[in-house]
Amino acid sequence: MKKLTLCFVLVLSLIFLSFKKDPSLVTLKEVVVKAPFEMPAIKIPDFSKCKEFSIVDFGAIKGDKNKTSDAINKAIAKANKAGGGIVVIPEGEWLTKKFHFKSNVNLHLKKGAVLLFSEEPNDYLPAVNSTWEGYECFNYSPLIYAYKCKNISITGDGELKAKMDIWKQWFTRPKSHMESLKKLYNLASYNKPMKERQMANDTARFRPQFIQFNRCENILMDGVSITNSPFWTIHPFLSKDVVLRNLKVYAHGHNNDGVDPEMSQNVLIENCVFDQGDDAIAIKSGCGKNAWLLNTPSKNIVIRNCTVKNGHQLVAIGSELSGGIENVFIDNCTVVDGAKLNHLLFIKTNERRGGFVKNIYMSNIVSGKIDAGILGIDTDVLYQWRTLVPTIERRLTPIKNVYLNNVKATDVKFISKISGQKELPVENIFLTNVSADAVKETQNIHENVLNFVNKN
């Protein structure tokens with residue numbers, strides 16, 4: 001009898017402790033998005049019931065990067081422990097090193113707040129599980145990094161800014177950098193363990209992303225401005241349910257794409273302004289064996305109501321696309337007159353990628369002059385890799401079902417240029433009301449294309 005009573009008390013105690021534990025204060029909202037494919041509702045975090053934690057209360061001091069970064073990390077830990085919280089960056093400029101998110105945390109920048117990130121590479125060590133141009137490796141920590149987090153947010157009217165003095169020196173590709181590229185290519189191509197892919201050293205010069213959400217869920221960025229970036233600016237990698245809205249992104253360095261969703265699903269990018277030295281939005285899904293094994297396509301991505309002031313392309317797909325890319329909808333976007341742009345939509349791959357591209361929709365786009373053309377598809381884009389390393393495993397990329405509707409530019413060289421491969425032609429390309437005021441060369445330049453329909 002005593003044993004039964006003791007067991008009963010123990011069970012009650014465990015139940016009491018489970019209820020006593022702080023529940024998550026973060027709720028989820030659903031964002032319903034219309035698209036020409038079945039688009040799941042996107043779940044994003046709501047922090048309206050959460051307490052605020054000012055970094056000043058944790059020891060942040062303007063101009064002191066050590067104390068400020070320590071304060072941010074302490075505030076993040078406190079908010080996480082509380083079951084959810086808002087880490088507040090007050091008005092003023094705050095010099096900082098890297099910081100890492102935890103689940104159920106909203107970083108909120110007040111109007112007039114600037115988080116200024118150091119350009120000292122050692123401030124981004126120790127190395128973390130990251131990527132370089134489609135290959136997973138250990139590299140310098142992104143300036144803002146989240147790994148396996150849920151319910152995270154960056155909001156407010158403030159600015160995230162990167163100091164660039166040293167990173168600019170790393171834009172070049174010296175021999176030591178190219179040798180490191182070769183090393184990583186071979187390690188990844190033969191699926192060597194991550195612990196062997198250590199690339200955080202000054203000779204490799206693999207610059208970190210500004211913001212990387214790595215294997216995260218339920219992500220919201222809303223309202224902030226982002227200025228400068230060592231590498232890709234916003235990088236959702238293997239993440240799910242992502243909303244990026246009302247952002248102003250400016251970065252004119254090397255490899256400075258605005259947003260790079262990579263092997264990420266259920267993504268909405270809306271009401272953003274991009275002024276880039278590279279692609280405004282580049283949709284990727286990894287390179288080679290690493291991506292083939294992960295087998296996670298970038299899927300269900302909607303881009304709408306965005307403005308591009310500069311960028312190589314409005315939207316690029318690839319060339320890192322080994323995991324596959326499907327269900328992309330670009331709608332109601334504007335490229336301002338005078339923007340430096342090559343294409344509105346550019347799909348690029350090569351014989352080493354072996355992914356797939358299908359169900360790509362672009363509609364209601366207005367653009368000024370474009371240096372090349374409205375649509376480009378190139379199946380032989382290798383850049384520096386062409387002569388750097390051999391093809392270890394050859395896999396071609398099937399590309400099909402691309403739809404452009406109501407797209408207008410002022411001045412182009414061509415409307416569409418499609419370079420397929422003889423053994424695997426590009427298929428099913430449909431253009432409706434796609435035009436330019438002036439076409440300098442030829443309207444459509446095609447090689448190895450099946451079922452191209454142009455209704456203008």
Side-chain angles (χ1 to χ4, degrees), residues 97-100 117-147 162-215 228-235 237-238 251-257 260 262-263 277-279 282 284-291 294 319-320 322 350 352-353 381-392:
K97 301 189 291 188
K98 69 174 186 298
F99 57 83
H100 292 179
F117 288 81
S118 158
E119 81 279 30
E120 172 53 52
N122 287 336
D123 288 342
Y124 302 93
L125 294 174
V128 298
N129 187 327
S130 187
T131 68
W132 179 264
E133 294 184 339
Y135 298 106
E136 282 199 273
C137 63
F138 277 95
N139 194 28
Y140 292 96
S141 170
L143 283 54
I144 298 175
Y145 180 64
Y147 186 71
K163 295 183 73 175
M164 295 297 295
D165 297 352
I166 294 178
W167 303 128
K168 282 181 180 178
Q169 298 173 28
W170 286 24
F171 286 164
T172 59
R173 293 184 181 269
K175 184 178 179 182
S176 58
H177 173 82
M178 305 307 280
E179 289 300 314
S180 294
L181 282 181
K182 289 166 64 174
K183 177 183 177 183
L184 179 57
Y185 173 78
N186 283 289
L187 288 169
S189 296
Y190 292 104
N191 198 33
K192 295 298 183 181
M194 281 289 290
K195 65 182 180 181
E196 295 183 27
R197 306 184 202 180
Q198 300 287 343
M199 309 309 297
N201 62 73
D202 289 344
T203 60
R205 293 193 168 187
F206 285 8
R207 292 161 281 119
Q209 298 88 342
F210 198 133
I211 303 166
Q212 185 184 75
F213 305 109
N214 191 321
R215 294 170 168 85
N228 303 331
S229 180
F231 185 45
W232 297 347
T233 311
I234 305 169
H235 184 208
F237 177 69
L238 281 167
H252 274 255
H254 189 55
N255 302 109
N256 272 176
D257 300 334
D260 293 81
E262 185 171 12
M263 288 188 274
D278 213 306
D279 302 326
K284 305 175 184 292
S285 65
C287 289
K289 187 173 287 293
N290 198 158
L294 286 167
S319 66
E320 303 91 338
S322 297
N350 60 61
R352 302 172 187 175
R353 295 298 186 243
V381 177
L382 269 165
Y383 299 120
Q384 73 275 7
W385 300 97
R386 187 179 302 277
T387 56
L388 185 67
V389 289
T391 298
I392 292 173

Report the distance from atom [atom1] of [X] to atom [atom2] of [Y], rounding to the nearest 0.5 Å.
| X | Y | atom1 | atom2 | answer |
| --- | --- | --- | --- | --- |
| L143 | S229 | CG | OG | 7.0 Å |
| M263 | N290 | CE | CG | 6.5 Å |
| N214 | Y147 | CG | OH | 6.0 Å |
| L187 | S180 | CG | OG | 10.5 Å |
| N350 | Y383 | CG | OH | 10.0 Å |
| F237 | T131 | CZ | OG1 | 5.5 Å |

If we ignore hydrogens and angles and just use 3.5 Å, is the side chain of [X] paired with the main-chain N or O of [Y] as donor and acceptor?
| X | Y | answer |
| --- | --- | --- |
| R205 | P174 | no |
| S141 | L125 | no |
| N256 | F231 | yes |
| D257 | D279 | yes |
| R197 | K192 | yes |
| N228 | A162 | yes |

Report task. Given side-chain contact (heavy atoms from CB on, under 4.5 Å), test E262 with W232 step by step and report yes or no. Result -> CA-CA 11 Å; E262 185 171 12; W232 297 347; 3.6 Å; yes
Shortest non-hydrogen contact from [X] to [Y]?
| X | Y | value |
| --- | --- | --- |
| L294 | L238 | CD1-CD1, 4.0 Å |
| E320 | E133 | CG-O, 3.6 Å |
| D278 | N255 | OD2-CA, 3.5 Å |
| A291 | S285 | CB-O, 3.4 Å |
| F213 | I234 | CE1-CG2, 4.3 Å |
| P142 | P208 | CA-CB, 4.0 Å |

Report task. Test E179 against T203 for side chain to side chain donor-acceptor pair (under 3.5 Å), laying out the working first. Result -> CA-CA 9 Å; E179 289 300 314; T203 60; over 6 Å; no
**Report entry** Verdict with reasoning, W132 to L184, per side-chain contact (heavy atoms from CB on, under 4.5 Å)
**Finding:** CA-CA 9 Å; W132 179 264; L184 179 57; 4.1 Å; yes
Report summary line: Partner of E136 under salt bridge (charged side-chain N to carboxylate O under 4.0 Å, His left out), picked from K289, R215, K195, is R215
Query raised in the report: When the aromatic ring centroids of F206 and H177 are compared, is their separation below 6.0 Å?
Result: yes
Requested in this report: Applying side-chain contact (heavy atoms from CB on, under 4.5 Å), run through V128 and Q212 and close with a yes or a no.
Outcome: CA-CA 11 Å; V128 298; Q212 185 184 75; 5.7 Å; no
Show me the donor-acceptor pairs, under 3.5 Å and distance only, between side chains in residues 163-170 and residues at least two apart or in other chains.
none

**Report entry** Step-by-step ring-ring contact (aromatic ring centres under 6.0 Å, His included) determination, Y145 to Y124
**Finding:** CA-CA 10 Å; Y145 180 64; Y124 302 93; over 10 Å; no
Query raised in the report: How are the rings of Y135 and Y185 set to each other: parallel, tilted or perpendicular (split at 30° and 60°)?
Result: perpendicular
Report task. Starting from the C-alpha separation in whole Å, work towards a yes-or-no answer on side-chain contact (heavy atoms from CB on, under 4.5 Å) for D260 and Q209. Result -> CA-CA 10 Å; D260 293 81; Q209 298 88 342; over 6 Å; no
